[in-house]
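Numbering of residues begins at 1 and proceeds along the displayed sequence.
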Amino acid sequence: MAILKIARMGHPVLRQTAEPVPLTPGSSLPPDIQRLAHDMIETMLDAPGIGLAAPQIHVGARLIVFRVPADRATDAEGDKAMAAQVLVNPEFAPLSDEMLLGWEGCLSIPGLRGVVPRYARIRYRGYDLDGNLVEREASGTHARVIQHELDHLDAVLYPDRMPDLTTLTFTEEMKYFTGAVLQPS
Ligand code: NI
(Lines give C-alpha, C1' and ligand atoms only; values in the text may rest on other atoms or scores of the structure.)
Protein backbone atom coordinates (compact mmCIF):
# COMPACT_ATOMS: atom_id res chain seq x y z
CA MET A 1 0.00 0.00 0.00
CA ALA A 2 1.18 3.49 -0.71
CA ILE A 3 -0.04 7.04 -0.43
CA LEU A 4 0.02 8.57 -3.90
CA LYS A 5 0.80 12.12 -4.96
CA ILE A 6 -2.35 14.05 -5.85
CA ALA A 7 -2.35 16.21 -8.99
CA ARG A 8 -3.46 19.78 -8.36
CA MET A 9 -5.54 22.02 -10.61
CA GLY A 10 -3.37 23.23 -13.45
CA HIS A 11 -1.71 19.87 -14.02
CA PRO A 12 -2.69 18.80 -17.55
CA VAL A 13 -3.61 15.25 -16.45
CA LEU A 14 -6.76 16.72 -14.84
CA ARG A 15 -7.83 18.11 -18.21
CA GLN A 16 -7.45 14.89 -20.20
CA THR A 17 -10.30 12.43 -20.73
CA ALA A 18 -9.51 9.13 -19.03
CA GLU A 19 -9.44 5.86 -20.98
CA PRO A 20 -11.64 2.83 -20.19
CA VAL A 21 -9.96 0.05 -18.19
CA PRO A 22 -9.84 -3.19 -20.22
CA LEU A 23 -11.81 -5.84 -18.35
CA THR A 24 -13.72 -9.06 -18.85
CA PRO A 25 -17.00 -9.09 -16.91
CA GLY A 26 -16.85 -11.77 -14.23
CA SER A 27 -13.04 -11.91 -14.18
CA SER A 28 -10.90 -10.24 -11.54
CA LEU A 29 -8.99 -7.19 -12.65
CA PRO A 30 -5.21 -7.56 -13.05
CA PRO A 31 -2.95 -7.12 -10.01
CA ASP A 32 -1.65 -3.73 -11.11
CA ILE A 33 -5.20 -2.33 -11.20
CA GLN A 34 -6.02 -3.95 -7.85
CA ARG A 35 -2.94 -2.35 -6.31
CA LEU A 36 -3.76 1.02 -7.86
CA ALA A 37 -7.31 0.90 -6.45
CA HIS A 38 -6.12 0.00 -2.97
CA ASP A 39 -3.50 2.75 -3.05
CA MET A 40 -6.20 5.20 -4.13
CA ILE A 41 -8.37 4.19 -1.17
CA GLU A 42 -5.42 4.66 1.19
CA THR A 43 -4.68 8.07 -0.39
CA MET A 44 -8.34 9.14 -0.11
CA LEU A 45 -8.56 8.12 3.54
CA ASP A 46 -5.24 9.76 4.39
CA ALA A 47 -6.13 13.10 2.75
CA PRO A 48 -8.89 12.81 4.08
CA GLY A 49 -11.42 12.93 1.26
CA ILE A 50 -14.61 11.15 0.29
CA GLY A 51 -13.66 10.40 -3.30
CA LEU A 52 -10.71 10.16 -5.64
CA ALA A 53 -10.50 9.56 -9.39
CA ALA A 54 -7.48 8.01 -11.13
CA PRO A 55 -6.57 11.18 -13.09
CA GLN A 56 -6.05 12.86 -9.69
CA ILE A 57 -3.13 10.50 -9.05
CA HIS A 58 -1.78 11.00 -12.59
CA VAL A 59 -3.34 7.87 -14.10
CA GLY A 60 -5.60 8.41 -17.10
CA ALA A 61 -7.92 5.45 -16.40
CA ARG A 62 -11.65 5.34 -15.76
CA LEU A 63 -11.44 4.22 -12.15
CA ILE A 64 -12.74 5.95 -9.03
CA VAL A 65 -12.89 5.27 -5.30
CA PHE A 66 -15.38 6.89 -2.95
CA ARG A 67 -17.11 6.54 0.38
CA VAL A 68 -20.06 8.04 2.22
CA PRO A 69 -19.09 8.89 5.81
CA ALA A 70 -21.85 8.37 8.38
CA ASP A 71 -21.85 12.07 9.26
CA ARG A 72 -22.48 12.98 5.62
CA ALA A 73 -25.20 10.45 4.85
CA THR A 74 -28.73 11.80 5.12
CA ASP A 75 -30.14 8.26 5.51
CA ALA A 76 -32.52 9.08 2.69
CA GLU A 77 -33.10 6.30 0.17
CA GLY A 78 -29.83 5.94 -1.73
CA ASP A 79 -27.77 7.96 0.77
CA LYS A 80 -26.62 5.53 3.47
CA ALA A 81 -23.13 5.44 4.96
CA MET A 82 -20.78 3.37 2.79
CA ALA A 83 -17.26 2.12 3.38
CA ALA A 84 -14.69 2.75 0.63
CA GLN A 85 -15.85 1.49 -2.76
CA VAL A 86 -14.08 0.98 -6.09
CA LEU A 87 -15.82 1.56 -9.42
CA VAL A 88 -14.21 0.72 -12.76
CA ASN A 89 -15.55 2.20 -15.99
CA PRO A 90 -18.45 3.88 -14.17
CA GLU A 91 -21.31 5.74 -15.82
CA PHE A 92 -24.45 7.38 -14.50
CA ALA A 93 -27.81 8.71 -15.60
CA PRO A 94 -30.10 11.13 -13.72
CA LEU A 95 -33.41 9.71 -12.48
CA SER A 96 -35.12 13.09 -12.75
CA ASP A 97 -34.34 16.65 -13.82
CA GLU A 98 -34.19 17.81 -10.19
CA MET A 99 -30.87 19.40 -9.28
CA LEU A 100 -29.63 20.43 -5.84
CA LEU A 101 -27.01 22.97 -4.85
CA GLY A 102 -24.38 21.81 -2.38
CA TRP A 103 -20.90 22.60 -1.18
CA GLU A 104 -18.02 20.67 -2.72
CA GLY A 105 -14.31 20.53 -2.34
CA CYS A 106 -11.70 18.64 -4.32
CA LEU A 107 -8.39 17.12 -3.26
CA SER A 108 -6.93 18.63 -6.46
CA ILE A 109 -8.07 22.12 -5.38
CA PRO A 110 -6.92 22.19 -1.76
CA GLY A 111 -8.31 24.72 0.68
CA LEU A 112 -11.30 25.82 -1.39
CA ARG A 113 -15.00 25.03 -1.44
CA GLY A 114 -17.77 26.04 -3.82
CA VAL A 115 -21.49 25.57 -4.36
CA VAL A 116 -22.22 23.20 -7.24
CA PRO A 117 -25.52 21.99 -8.73
CA ARG A 118 -25.83 18.20 -9.13
CA TYR A 119 -28.65 15.83 -10.03
CA ALA A 120 -30.57 14.91 -6.89
CA ARG A 121 -31.12 11.27 -7.83
CA ILE A 122 -29.09 9.13 -10.17
CA ARG A 123 -28.61 5.53 -11.21
CA TYR A 124 -25.02 4.46 -11.80
CA ARG A 125 -23.15 1.38 -12.82
CA GLY A 126 -19.58 0.17 -13.02
CA TYR A 127 -17.46 -2.85 -12.17
CA ASP A 128 -15.83 -3.86 -8.92
CA LEU A 129 -12.34 -5.37 -8.69
CA ASP A 130 -13.78 -8.88 -9.17
CA GLY A 131 -15.25 -7.81 -12.50
CA ASN A 132 -18.79 -7.90 -11.12
CA LEU A 133 -21.28 -5.35 -12.39
CA VAL A 134 -22.37 -2.91 -9.68
CA GLU A 135 -25.62 -1.00 -10.20
CA ARG A 136 -27.08 1.36 -7.63
CA GLU A 137 -29.46 4.25 -7.21
CA ALA A 138 -28.08 7.17 -5.24
CA SER A 139 -29.19 10.46 -3.74
CA GLY A 140 -27.70 13.07 -1.43
CA THR A 141 -23.98 12.90 -0.70
CA HIS A 142 -23.76 9.52 -2.43
CA ALA A 143 -25.13 10.95 -5.69
CA ARG A 144 -23.00 14.09 -5.39
CA VAL A 145 -19.69 12.30 -4.91
CA ILE A 146 -20.37 9.96 -7.84
CA GLN A 147 -21.11 12.90 -10.15
CA HIS A 148 -18.02 14.77 -8.92
CA GLU A 149 -15.71 11.78 -9.46
CA LEU A 150 -17.16 10.87 -12.85
CA ASP A 151 -16.56 14.47 -13.94
CA HIS A 152 -12.86 13.93 -13.22
CA LEU A 153 -12.85 11.08 -15.77
CA ASP A 154 -14.10 13.56 -18.36
CA ALA A 155 -11.63 16.31 -17.42
CA VAL A 156 -14.22 18.44 -15.60
CA LEU A 157 -13.45 20.13 -12.28
CA TYR A 158 -16.17 21.40 -9.97
CA PRO A 159 -15.52 25.14 -10.58
CA ASP A 160 -16.48 24.45 -14.23
CA ARG A 161 -19.96 23.57 -12.93
CA MET A 162 -20.41 26.54 -10.59
CA PRO A 163 -23.15 28.94 -11.69
CA ASP A 164 -21.97 31.56 -9.18
CA LEU A 165 -18.25 31.96 -8.59
CA THR A 166 -18.91 34.29 -5.64
CA THR A 167 -19.37 31.14 -3.52
CA LEU A 168 -15.83 29.94 -4.33
CA THR A 169 -14.26 30.38 -0.91
CA PHE A 170 -11.36 29.33 1.26
CA THR A 171 -12.42 26.85 3.94
CA GLU A 172 -11.36 29.31 6.65
CA GLU A 173 -13.83 31.85 5.28
CA MET A 174 -16.80 29.47 5.12
CA LYS A 175 -17.93 30.96 8.42
CA TYR A 176 -19.42 33.72 6.30
CA PHE A 177 -21.72 31.19 4.65
CA THR A 178 -24.24 28.92 6.29
CA GLY A 179 -23.41 25.26 5.85
CA ALA A 180 -20.86 22.72 6.97
CA VAL A 181 -17.20 22.54 6.07
CA LEU A 182 -17.11 19.46 3.90
CA GLN A 183 -14.37 16.99 3.23
CA PRO A 184 -13.04 17.24 -0.31
CA SER A 185 -13.45 14.59 -2.98
NI1 NI B 1 -12.28 16.18 -7.04
Side-chain angles (χ1 to χ4, degrees), residues 1-9 11 13-23 25 27-73 78-93 102-110 113 116 118-119 122-158 161 182-185:
M1 299 276 273
I3 292 172
L4 307 169
K5 183 177 180 185
I6 297 174
R8 297 199 301 175
M9 186 166 60
H11 194 293
V13 72
L14 295 173
R15 294 305 192 176
Q16 291 160 8
T17 302
E19 297 291 331
V21 176
L23 65 77
S27 298
S28 290
L29 276 93
D32 58 331
I33 297 290
Q34 304 255 353
R35 190 176 321 116
L36 176 73
H38 287 118
D39 287 348
M40 285 173 62
I41 288 173
E42 189 176 18
T43 303
M44 170 181 72
L45 296 175
D46 174 74
I50 67 167
L52 190 66
Q56 292 184 274
I57 43 92
H58 309 84
V59 175
R62 302 188 80 83
L63 192 159
I64 69 167
V65 300
F66 72 97
R67 65 193 175 110
V68 181
D71 63 355
R72 294 282 303 280
D79 194 25
K80 315 283 189 208
M82 295 175 83
Q85 309 281 319
V86 178
L87 273 185
V88 181
N89 297 344
E91 49 192 59
F92 87 94
W103 286 97
E104 292 185 21
C106 180
L107 294 174
S108 294
I109 312 172
R113 298 291 184 274
V116 184
R118 298 289 186 187
Y119 289 108
I122 63 169
R123 178 181 290 125
Y124 68 89
R125 57 192 288 176
Y127 290 88
D128 66 18
L129 292 177
D130 296 322
N132 296 319
L133 183 66
V134 175
E135 282 187 285
R136 296 192 191 101
E137 292 188 6
S139 64
T141 297
H142 186 186
R144 182 169 292 278
V145 69
I146 292 289
Q147 291 171 79
H148 178 116
E149 301 313 326
L150 265 64
D151 264 355
H152 277 298
L153 304 183
D154 292 321
V156 175
L157 300 177
Y158 79 78
R161 300 272 189 205
L182 304 179
Q183 287 179 306
S185 53

Does any non-hydrogen side-chain atom of [Y] lie less than 4.5 Å from one of [X]?
X: Val145; Y: Arg72; result: no
X: His148; Y: Cys106; result: yes
X: Tyr127; Y: Val134; result: no
X: Gln56; Y: Met40; result: no
X: Leu36; Y: Ile57; result: yes
X: Leu87; Y: Leu63; result: no
X: Asp39; Y: Ile3; result: no
X: Arg136; Y: Met82; result: yes

Between atom [atom1] of [X] and atom [atom2] of [Y], what is the distance when rounded to the nearest 0.5 Å?
X: Asp46; Y: Met1; atom1: CG; atom2: CE; answer: 11.0 Å
X: Asn89; Y: Glu19; atom1: CG; atom2: CD; answer: 10.5 Å
X: Ile109; Y: Leu14; atom1: CD1; atom2: CG; answer: 8.0 Å
X: Leu23; Y: Leu29; atom1: CG; atom2: CG; answer: 5.5 Å
X: Ile146; Y: Asp151; atom1: CD1; atom2: CG; answer: 11.5 Å
X: Gln147; Y: Leu150; atom1: CD; atom2: CG; answer: 8.5 Å

Give the intermediate values and the outcome of side-chain contact (heavy atoms from CB on, under 4.5 Å) for residues Arg118 and Glu104.
-> CA-CA 10 Å; Arg118 298 289 186 187; Glu104 292 185 21; 2.8 Å; yes
Shortest non-hydrogen contact between [X] and [Y], atoms and distance:
X: Ala61; Y: Ala54; result: O-CB, 3.3 Å
X: Glu149; Y: Val65; result: CG-O, 4.3 Å
X: Leu107; Y: Ile6; result: O-CG2, 3.7 Å
X: Ala84; Y: Met44; result: CB-CE, 3.9 Å
X: Leu153; Y: Pro55; result: CD2-CD, 3.8 Å
X: Arg67; Y: Pro48; result: NH2-CB, 4.1 Å

Using atom types as modelled and distance alone, determine if a side-chain donor or acceptor of [X] lies under 3.5 Å from a backbone N or O of [Y].
X: Gln85; Y: Ala83; answer: yes
X: Asp130; Y: Asn132; answer: no
X: Asp79; Y: His142; answer: yes
X: Thr17; Y: Asp154; answer: no
X: Ser108; Y: Ala7; answer: yes

Check against side-chain contact (heavy atoms from CB on, under 4.5 Å), Ile33 and Val21 = CA-CA 9 Å; Ile33 297 290; Val21 176; 4.1 Å; yes
Tyr119 atom OH: more than 12 heavy-atom contacts under 6.0 Å |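 Counting neighbours around OH of Tyr119, 12 or fewer heavy atoms of other residues, nucleotides or ligands fall under 6.0 Å, so no.
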Answer yes or no: does atom CZ of Arg8 have more than 12 heavy-atom neighbours from other residues, nucleotides or ligands under 6.0 Å?
->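 Check fails, neighbour count at 12 or below.
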Do His152 and Tyr158 have their ring centres less than 6.0 Å from each other?
-> no
Might you work through the side-chain contact (heavy atoms from CB on, under 4.5 Å) test for Val68 and Ile50, ending with a clear yes or no?
-> CA-CA 7 Å; Val68 181; Ile50 67 167; over 6 Å; no
Assess whether side-chain contact (heavy atoms from CB on, under 4.5 Å) is satisfied between Arg15 and Leu157, documenting all intermediate values.
-> CA-CA 8 Å; Arg15 294 305 192 176; Leu157 300 177; 3.6 Å; yes
Lys/Arg-Asp/Glu bridge criterion (N-O < 4.0 Å) met for Glu91, Arg62 | no
Could you tell me whether Arg123 and Glu135 have a side-chain N and a carboxylate O separated by less than 4.0 Å?
->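 No.
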